[in-house]
Amino acid sequence: MSATSLPISIADLRKSYGLYVALDDVTLDIAAGEFLTLLGPSGSGKTTLLMALAGFVRPERGGLTIGGQDVTRLPPNKRNIGVVFQNYALFPHMSVSGNVEYPLRLRGVAKAQAREQAEAALARVKLSGFGARDIAALSGGQRQRVALARAIVFEPRVMLMDEPLSALDKNLREHMQFEIRKLHDDLGVTTIYVTHDQREALTMSDRVAVMDAGRIQQIGAPQDIYREPRNRFVAEFMGEANIALSSHLQGPGAARMPRERLAMIRAENFELDPAGFGDDRVEVIGRLASKAFRGENWLLNLETAAGDQFMLSIAANQGATCGELKIGTELRAYTELGQVHFLEEARIK
Ligand SMILES: Nc1ncnc2c1ncn2[C@@H]1O[C@H](COP(=O)(O)OP(=O)(O)OP(=O)(O)O)[C@@H](O)[C@H]1O
């Protein structure tokens, strides 16, 4: 954690557009130096929350503090926050250094000093020597780096990033996920990152806040949220979740489950081979409705007599026979009681 990183506190923040409540009394504390991701579907309020923090959206009620200072009524340029948007928002008519120097020039930093700081920021994002280039002469990944350099050049206390990688192709996107995380770790600046990509959220974050309908449905470390989602919404938004009533599951393990609860089992926690399963065994019996080869795994869809659908993800190196399975075949899939997670009945309202 660097000396510049500060904690953020969001208390009962509310924002409506007409009758539509975009932020429904959001309360959230972010530790100094933390990397927190807001994850949620389109329209869940992620950008509105970020913009309220940046000062571009005015909440009707609630408060925001950064490092203990109340910033709720402070204009954006007084908040000392670095912002990176989806579409880079670079000035196309300025050079790379012109773009990176811009926030410093706005703050009245002298030209020579600004140039020096811009060079240092460009070096941080591995763009040393690119200063004189035109923005138009850069690749998407390089432009995103310029946007990052521009956001860090004035040593902000907080960084806000709104889907900064969504315009990039998959490989570059994955590479940049690590680069951004590394930059965060080097600078130690408190970061709030917005995405609707659950894998990106799991990869990058210290904690993830899952949002739906203007509310935080769950907040926690990536592994905890993935393993122990509290409700159906979070379970289904994070990975392949099979959800069924506990009374619809079979095997000796199922007999020891609480009754009439919603049970969640991740697709990758099923196996087709019973070897190694004992008295904790939980079974699902169903007909193969469809199958798909996805490179590292096979995805099998079973339909049970009770009408439940189960997706099984069978590792390709263990599922050599999956290719031969005929649609309509009855299959028995196995997991352990320890892999069954019980949900609260519904999403938090
Ligand atoms: N200026 C506005 N006027 C009216 N409604 C708005 C305005 N800005 C946002 N909204 C509405 O508020 C809700 C939340 O929007 P927001 O942009 O915060 O969602 P999001 O989770 O960031 O979505 P996305 O992933 O699509 O960017 C949406 O239903 C949106 O239509």
Side-chain angles (χ1 to χ4, degrees), residues 8-30 35-64 66 71-73 75-76 79 81-90 140 143-144 147-148 151 158-170 173-174 176-177 180 190-205 207-220 222 225 229-239 347-349:
I8 299 170
S9 184
I10 301 167
D12 295 325
L13 210 66
R14 189 175 186 85
K15 175 70 192 173
S16 326
Y17 295 105
L19 289 179
Y20 188 81
V21 182
L23 289 181
D24 195 356
D25 297 336
V26 172
T27 293
L28 177 61
D29 286 307
I30 301 143
F35 194 115
L36 179 109
T37 296
L38 303 175
L39 172 71
S42 187
S44 55
K46 308 178 299 290
T47 298
T48 305
L49 183 51
L50 215 61
M51 291 297 107
L53 273 164
F56 299 115
V57 158
R58 205 186 163 92
E60 292 114 76
R61 67 164 194 254
L64 291 168
I66 297 180
V71 298
T72 321
R73 310 256 164 269
R79 295 192 185 195
I81 289 177
V83 183
V84 184
F85 294 110
Q86 180 174 350
N87 56 5
Y88 324 131
L90 297 173
R143 284 179 208 195
Q144 196 47 268
L148 279 172
V158 169
M159 281 277 275
L160 305 178
M161 300 197 199
D162 193 354
E163 305 253 6
L165 307 180
S166 60
L168 306 181
D169 67 46
K170 183 170 173 292
R173 193 181 168 122
E174 285 173 1
M176 286 299 292
Q177 287 168 5
I180 290 177
T190 314
T191 300
I192 305 183
Y193 189 97
V194 162
T195 184
H196 60 261
D197 178 337
Q198 55 105 4
R199 199 171 280 269
E200 187 161 293
L202 294 177
T203 308
M204 299 182 75
S205 324
R207 280 192 307 162
V208 177
V210 183
M211 290 191 72
D212 184 37
R215 289 185 166 216
I216 293 176
Q217 295 286 324
Q218 188 168 0
I219 183 162
I225 295 210
R230 71 198 296 185
N231 59 34
R232 183 185 279 271
F233 174 81
V234 177
E236 290 181 335
F237 201 71
M238 305 282 278
R347 69 176 66 174
I348 311 297
K349 274 286 171 208

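We count ligands from 1, going down the list as the structure has it; atoms in each ligand are counted the same way.
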Problem set entry | Heavy-atom pair with the smallest gap, counting every atom of Val83 and Ala54 | CG2-CB, 4.4 Å
Problem set entry | Heavy-atom nearest neighbour in the protein, as seen from atom 6 (C) of ligand 1, with distance rounded to 0.1 Å | Tyr17 CD1, 3.2 Å
For this session: Inspect the contact between Arg61 and Asp25 and indicate whether a charged nitrogen and a carboxylate oxygen are less than 4.0 angstrom apart.
Result: yes
Exercise. Under 4.0 Å from any heavy atom of Ser42, which atoms of ligand 1 are there?
Worked result: 23 (O), 24 (P), 25 (O), 26 (O)
Exercise. Closer than 4.0 angstrom: is that true for some heavy atom of Pro41 and an atom of ligand 1?
Worked result: yes
Exercise. Are Asp24 and Arg14 close enough for a salt bridge, meaning some N to O gap below 4.0 Å?
Worked result: yes
For this session: Can you figure out which of Met51, Lys15, Glu163, Lys46 has its heavy atom closest to atom 21 (O) of ligand 1?
Result: Lys46
Exercise. Would you say His196 and ligand 1 have an N/O pair spaced under 3.5 Å apart?
Worked result: no
For this session: Using a strict cut-off of 4.0 Å, indicate which atoms of ligand 1 neighbour a heavy atom of Ser44.
Result: 19 (O), 20 (P), 21 (O)
Exercise. Which of the atoms of ligand 1 are close to Ala22, meaning less than 4.0 Å from one of its heavy atoms?
Worked result: 12 (O)
Exercise. Is there side-chain contact between Tyr193 and Pro164, with heavy atoms separated by less than 4.5 Å?
Worked result: yes
Exercise. Does some non-hydrogen atom of the protein lie less than 4.0 angstrom from atom 4 (C) of ligand 1?
Worked result: yes
Problem set entry | Is_contact(atom 10 (N) of ligand 1), protein non-hydrogen, under 4.0 Å | yes
Problem set entry | Shortest non-hydrogen contact between Ile219 and Ile225, atoms and distance | C-CD1, 3.8 Å
Exercise. Quick one: does Gly45 get within less than 4.0 Å of ligand 1, heavy atoms only?
Worked result: yes
Problem set entry | Gap between atom OG1 of Thr27 and atom CD1 of Ile216 - 0.5 Å precision | 8.0 Å
Seminar exercise, completed: Rounded to the nearest 0.5 Å, the CD1 atom of Ile8 sits from the CG atom of Leu53 at a distance of 5.5 Å
Exercise. Any nitrogen or oxygen of Gly43, main chain or side chain, under 3.5 Å from a nitrogen or oxygen of ligand 1?
Worked result: yes
Problem set entry | Glu174/Arg199 salt bridge by N-O under 4.0 Å criterion | no
Exercise. Taking all non-hydrogen atoms of both residues, which atom of Leu39 and which atom of Lys46 are closest, and how far apart?
Worked result: C-CD, 3.9 Å
For this session: Check each atom of ligand 1 against the heavy atoms of Thr48 and keep those under 4.0 Å away; list them by number with element.
Result: 14 (C), 15 (O), 16 (P), 18 (O)
Problem set entry | Nearest non-hydrogen protein atom, atom 13 (C) of ligand 1 | Tyr20 CE2, 3.4 Å
For this session: May I ask which of Val57, Leu23, Thr47 has a heavy atom nearer to atom 27 (O) of ligand 1 than the others do?
Result: Thr47
